[in-house]
A.B. asks: 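Let me give you the structure first, and then I'll get to my questions.
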Amino acid sequence: MDAFMSFLTVFTQPELLLLVGLGTFAGVYVGAIPGLSVTMAVSILISFTFSWDVYPAISLMIGIYMGGVYGGSRTAILLNIPGAPSAIATAMDGYPMAKRGEAGEAIGTTTVMSFFGGFIGIIVLALAAPLVSDFALRFQPRDYMLLAVLGILLVGSLSTGSLVKGIFAGAFGIALGAVGMDPLTFTPRFTFDLQILRPGISFIAVMIGMFGVSEALLQLHHVNAPAIRQQINRIVPSWGTVRKHLPLSLQTSTIGVIIGALPGTGGDIAALMAYDHAKRVTKNPEREFGDGAIEGLVAPETANNAAVGGAFIPMMTLGIPGDAVTAIMIGALFIHGLNPGPMLMIDRPDMFWFITGALVMANVFMLIFGLTGIKLFTKIVEMPRAVLIPLIMLLSIVGAYAVNNSITDVYWMLGFGVFGYFMRLYGFPLGPVILGVILSRLLDDNWRRAIISEREDLSRFFHGIFTSPLSLVLFLAVVFIFVSQTPIGGWLKRAIFGRAKP
Amino acid sequence: MRNVVLGAVSALVMAAGAAVAQDYPTREIQGIIQWGAGGSTDTVMRSVTPHAEDALGGTVVMQNMTGAVGAIALNYVADADADGYTLLMGAENPMLYKVMGLGDRDYGDFIPINILARGTPILVTRPDAPFSDYAGMMAYIAENPGEVRFGSTGPGGLPSVVTAMMQTVEGELDVTFVPYDGDGPALTALQGGAIDVMPAVLGASIEGIRAGAMVPLAIFDTEASPFLPDTPIAPELNEGYATYLPWGPFFGVFVANGTPEEAVTALTEAYAAAVENQDFLDLMENRGFTVMNISGDEAQDFLSSWQSTTAWLLQDAGLAVNDPEGLGIPRPGE
């Protein structure tokens with residue numbers, strides 16, 4: 001009963017309700033601007049809300065978090081610039097839809113699916129938090145490494161066209177991610193004694209440049225082409241559409257919750273994995289993936305919002321952050337005199353239920369704010385290119401600068417923008433580059449941790465993999481996905497199932 | 001004529017006002033926090049500074065500037081005008097930059113306004129480890145060389161110093177060090193069984209210990225902790241530790257050398273008063289930090305003694321990049 005009352009706190013106090021709403025609204029727009037991240041917004045809020053009570057402060061932060069994760073999809077769909085790393089996969093099918101004049105439908109679907117995913121995340125948080133966090137804790141360095149390898153195999157899904165070019169792009173991304181001070185030993189790597197390379201290359205700058213600037217440059221090719229007229233009669237997807245994608249969205253939400261709950265991974269990896277999963281299980285998409293498949297929107301958007309609920313699971317049950325934003329929220333709880341940790345659920349169960357309630361409310365607000373104002377937003381793509389291209393450039397520069405208040409990041413961004421333009425011109429996909437940068441650290445750190453733990457003995461390492469059920473499952477998944485993507489997979493299939501059906 | 005009178009009057013008022021109040025601060029002060037939002041340095045600085053603002057009668061705008069183990073923030077403040085309007089809010093790391101080859105500046109280039117508090121190192125293990133006390137761990141390590149996995153956070157981090165201390169006192173430990181990004185991720189790994197032992201700060205592990213998810217082995221301090229009265233302190237386990245303790249990571253507020261006396265005095269008084277605030281004392285106690293509240297010569301002495309202990313421990317453990325001797329850091333006790 002107490003739990004239920006705490007859960008309802010947000011709904012019964014208009015002030016808290018207003019703050020959640022305000023946060024969500026701000027979050028949608030913060031998330032939509034590339035470079036302005038939720039992590040940044042929440043850290044600013046820490047000092048801003050320092051003197052407040054804990055409930056209002058957390059309400060505002062949760063709103064921003066939920067709204068921000070969703071907001072990243074806006075610019076991804078409309079301008080092909082993901083507002084946040086977790087919206088990269090959304091751009092791949094969302095932008096082709098906008099180019100065909102279906103931006104309204106894309107945003108509508110995204111919103112409803114984000115709401116759905118967010119809801120699944122919250123339900124899992126409310127009902128199974130201790131269970132999931134126990135499971136998440138069991139991931140050893142070698143399991144994270146296998147997860148990263150699994151992620152790298154997504155290159156196949158993210159490459160449109162030549163797989164070889166995709167592999168090149170992925171390897172390039174991994175190399176980019178390794179530049180800078182080695183995180184485990186603090187030795188400079190690939191820095192060539194240049195001061196500018198020592199802190200590493202900002203991943204956000206690479207992302208904004210490769211997507212934003214390259215898009216602006218590409219648009220210059222047809223600067224005089226008429227702007228695309230957007231039809232906005234169909235915003236909210238029909239019940240039939242939602243029902244058709246229900247099995248897929250349940251699966252991708254589950255991926256989102258689990259990846260979100262793992263302390264070493266977040267919504268960006270969840271969204272990419274979900275996209276890959278969708279591509280694998282969708283037999284006959286109405287449109288090809290990469291050309292505006294609706295499944296390509298459903299999967300990443302359910303997953304990244306489900307990851308929000310997921311990230312709160314280890315935070316609330318163990319005091320361990322599920323991602324960068326929850327790490328800052330743990331700090332906020334400390335500042336407000338709470339002691340996040342395994343005892344929080346026992347000492348202050350009201351806090352857990354309050355946060356769950358606030359998440360529900362934020363999710364509802366996200367749906368409302370997401371579905372309103374679409375008309376205004378789609379006007380952005382209807383603007384003449386002479387206005388649109390400078391706008392993209394402006395957004396990209398502001399975004400890259402805002403990440404670290406560093407002008408160096410702007411140069412990196414512009415450099416990678418030009419490079420990305422040529423990559424696209426010559427048919428190299430950009431998705432795998434970003435995938436490589438995201439996974440580089442995960443793979444590198446955990447492979448080394450795993451092998452150091454086994455005293456640098458490969459046979460002990462494999463013994464570990466084969467004796468742990470979790471590692472074994474992940475290992476088999478890696479083998480299966482790898483084989484199915486190579487010609488060997490085809491031969492095996494024919495050998496086992498006879499002639500492949502025409 | 002009227003303007004002249006008006007100007008003279010306002011000048012007089014301003015001068016009188018300034019004389020009555022003070023010449024510092026006349027504008028916003030910038031506080032540069034070396035570490036990210038939500039971390040321990042950030043929490044400590046954001047909790048103490050509002051009280052210092054009250055005492056100072058000015059505003060301090062805090063900003064997190066992370067990167068290069070805090071060196072980016074340190075260089076930023078060192079390169080800013082030494083006028084008392086840019087504060088460095090940092091932790092212990094800069095005192096090891098020279099030894100670890102991370103830079104050629106440290107707090108020697110700064111005037112300590114206040115060393116606020118220090119943390120207490122603690123050695124924790126997981127409940128299902130094959131040992132449950134310090135002696136048991138030592139025996140297990142001796143019998144199973146290379147088998148026990150210690151978490152670490154890179155050379156110069158707290159775990160590296162604590163293990164260096166252990167190796168100096170107990171002799172070579174044949175254990176495997178697994179590096180993590182920080183004590184948070186390492187303590188997570190400890191609970192998942194990926195490592196067996198982790199040297200951490202008391203504050204980071206106290207909640208896990210309360211919940212039974214971690215087991216304390218030894219506290220590296222000269223006095224027992226009020227949180228864990230039953231956990232033995234290191235000098236009880238081996239007298240050799242007494243030479244190096246108390247030792248611990250610390251938090252401090254600094255201004256660049258050459259800052260006007262007046263600003264240093266005003267800031268020192270403000271922060272000294274702020275640390276005494278009950279809210280802050282409660283927060284520090286909750287997180288297991290020992291409040292120090294020292295400034296001036298006392299703080300300088302603390303910093304140099306801390307640096308010499310730590311630098312030589314790292315040197316003797318073979319972790320130092322630059323020889324402390326060559327950097328003019330005396331061996332402790334010399």
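Keep in mind the model is a prediction, meaning the values are calculated, not measured. Computed from heavy atoms alone, side chains included, the values below leave out hydrogens, waters and symmetry copies.
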A.B. asks: Report the distance from atom CE of A/M343 to atom CD1 of B/I209, rounding to the nearest 0.5 Å.
C.D. replies: 12.0 Å
A.B. asks: Is A/N339 in contact with chain B via its backbone, its side chain, both, or neither, using a 4.5 Å heavy-atom distance?
C.D. replies: both
A.B. asks: For B/Y180, which atoms come within 4.5 Å of any heavy atom of chain A: side chain, backbone, both, or neither?
C.D. replies: both
A.B. asks: When you look at A/D347 and B/R210, which way does the side chain to side chain contact (heavy atoms under 4.5 Å, CB included) test go after all the steps?
C.D. replies: CA-CA 11 Å; A/D347 294 346; B/R210 274 182 63 208; 2.8 Å; yes
A.B. asks: Pick from B/D282, B/T188, B/L283: which one has the most heavy-atom pairs with chain A under 4.5 Å?
C.D. replies: B/T188
A.B. asks: Taking all non-hydrogen atoms of both residues, which atom of B/P179 and which atom of A/R449 are closest, and how far apart?
C.D. replies: O-NE, 2.6 Å
A.B. asks: What is the distance from atom CG of A/L338 to atom CG of B/N286, rounded to the nearest 0.5 Å?
C.D. replies: 9.5 Å
A.B. asks: Quick check against the 3.5 Å criterion: does A/R138 have a side-chain atom that pairs as donor or acceptor with the backbone of B/G192?
C.D. replies: no
A.B. asks: Non-hydrogen atoms of chain A under 4.5 Å away: do they reach the side chain of B/P50, the backbone, both or neither?
C.D. replies: side chain
A.B. asks: For A/L318, is it the side chain, the backbone, both, or neither that has a heavy atom closer than 4.5 Å to a heavy atom of chain B?
C.D. replies: side chain
A.B. asks: Which donor-acceptor pairs under 3.5 Å do the side chains of residues 320-331 of chain A make with protein atoms, sequence neighbours left out?
C.D. replies:
unit_1 : atom_1 : unit_2 : atom_2 : d
A/D323 : OD1    : A/Y65  : OH     : 3.4
A/D323 : OD1    : A/V325 : N      : 3.3
A/D323 : OD1    : A/T326 : N      : 2.9
A/D323 : OD1    : A/T326 : OG1    : 2.6
A/D323 : OD2    : A/Y65  : OH     : 2.4
A/T326 : OG1    : A/G322 : N      : 3.0
A/T326 : OG1    : A/D323 : N      : 2.9
A/T326 : OG1    : A/D323 : O      : 3.1

A.B. asks: Among B/I195, B/V178, B/T176, which one satisfies side chain to side chain contact (heavy atoms under 4.5 Å, CB included) with A/S453?
C.D. replies: B/V178
A.B. asks: Considering non-hydrogen atoms only, spot the tightest contact between B/E207 and A/G341 and give its length.
C.D. replies: CB-CA, 4.1 Å
A.B. asks: Within a 6.0 Å radius of atom CG on B/D128, are there more than 12 heavy atoms belonging to other residues, nucleotides or ligands?
C.D. replies: yes
A.B. asks: Quick check on the interface: out of B/G157, B/A189, B/S47, B/S152, who has the most heavy-atom pairs with chain A under 4.5 Å?
C.D. replies: B/S47
A.B. asks: Given that the side chain runs from C-beta out, which part of B/T153 has a heavy atom under 4.5 Å from chain A: side chain, backbone, both or neither?
C.D. replies: backbone
